[in-house]
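Worksheet: the structure to be examined is printed underneath.
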Amino acid sequence: MAEDAGMDLVEIVPHAQPPVCKITDLGKMKYQSQKKAAEARKRQKTIEIKEIKMRPNIDTHDYETKMKAVRRFFDEGDKVKLTLRFRGREMAHLELGMQLLNKVKEDVGEIAKVEAEPKLEGRQMMMVLAPK
């Protein structure tokens, strides 16, 4: 029947009893599946990780500016990595950095969740936040 119609006999479900076959144009079927896969790839959103760098003794206005950027990143659907860099004698006051990161956590608590708790790596303290 497929040869009479000038088309191909395509096996759809080979493991069924009896196997399911379809009379169709194989080239057209492959083309449509490629188009469907390309459309699915185009629609998916890639999540980026944006980094915000701060110092433990940041001023209030600078902090507000950084938080505005953090909120914008969350609106775009991106994750945010907050990095606190300690220089010189600031290493003696790690609790100031922890207080700052806890303040950030409270400020964005309603729109974001903590993905990685604050941790110290060398002279940097890092925390990763993701949008809810």
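When a residue number appears, it is its place in the shown sequence, counting from 1. Note that the coordinates shown come from a computational prediction; the quantities given were computed from them, not determined experimentally.
- Scanning all heavy atoms of the two residues, the minimum distance from L9 to C21 falls at CD1-CB, 3.9 Å.
- Remark: E48 does not engage K79 in a salt bridge, criterion side-chain N to carboxylate O under 4.0 Å.
- Here the closest heavy-atom approach between residue I52 and residue A69 is recorded as CD1-CB, 4.2 Å.
- Both V70 and I58 are members of a single hydrophobic cluster when ILVMFWY side chains are connected at heavy-atom separations under 4.5 Å.
- If you take CE on M125 and OG1 on T83, they are separated by 11.5 Å, rounding to the nearest 0.5 Å.
- Looking at E90 and R55, a side-chain N of the basic residue comes within less than 4.0 Å of a carboxylate O on the acidic one, giving a salt bridge.
- A salt bridge between E117 and K105 is present, with a side-chain N of the basic residue lying under 4.0 Å from a carboxylate O of the acidic one.
- Counting all heavy atoms, side chain and backbone alike, T24 lies closest to M29 at CG2-SD, 3.8 Å.
- Distance check, rounded to the nearest 0.5 Å: NZ of K113 to CG of L129 gives 10.0 Å.
- Taking hydrophobic clusters as Ile, Leu, Val, Met, Phe, Trp and Tyr residues chained together by side-chain heavy-atom distances below 4.5 Å, L84 shares a cluster with V114.
- Cluster annotation: I111 is connected to M67 through the hydrophobic network of ILVMFWY side chains, with a link wherever side-chain heavy atoms come within less than 4.5 Å.
- Judged by distance alone, with hydrogens and angles left aside, the side-chain atoms of K66 form a donor-acceptor pair with the main-chain N or O of K53 at under 3.5 Å.
- Rounding to the nearest 0.5 angstrom, the gap separating the CZ atom in F86 from the CE atom in M91 is 7.0 Å.
- Distance CD/E51 to CZ/F73: 10.5 Å, rounded to 0.5 Å.
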Exercise. Report the C-alpha distance between M98 and N102 in whole Å, list the side-chain angles of each, state the deciding distance to 0.1 Å, and finish with yes or no for side chain to side chain contact (heavy atoms under 4.5 Å, CB included).
Key: CA-CA 6 Å; M98 195 57 97; N102 287 333; 3.9 Å; yes
Exercise. Verify side chain to side chain contact (heavy atoms under 4.5 Å, CB included) between V20 and E11, making sure each step is shown before the conclusion.
Key: CA-CA 6 Å; V20 178; E11 193 174 27; over 6 Å; no
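- Residues M126 and V80 do not share a hydrophobic cluster, defined by chaining ILVMFWY side chains whose heavy atoms lie under 4.5 Å apart.
- Residue A130 comes nearest to F74 through the heavy atom pair C-CE2, 4.0 Å, listed as atom of the first residue, atom of the second, then distance.
- For Y63 and D107, the side-chain atoms include at least one donor-acceptor pair closer than 3.5 Å.
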Quiz item: Could you walk me through whether D8 and I23 pass the side chain to side chain contact (heavy atoms under 4.5 Å, CB included) check?
Solution: CA-CA 6 Å; D8 301 311; I23 297 175; over 6 Å; no
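- Side-chain contact between M127 and V104: present, with at least one pair of heavy atoms (C-beta onward) separated by less than 4.5 Å.
- A salt bridge links R43 with E39: the closest approach of a Lys/Arg side-chain nitrogen to an acidic carboxylate oxygen falls below 4.0 angstrom.
- The shortest non-hydrogen separation linking A112 to K132 is O-CE, 3.5 Å.
- Distance check, rounded to the nearest 0.5 Å: CD1 of I47 to CD of E76 gives 12.5 Å.
- Nearest heavy atoms, K30 versus S33: O-OG, 2.8 Å.
- K119 NZ to L101 CG: the interatomic distance, rounded to the nearest 0.5 Å, is 12.5 Å.
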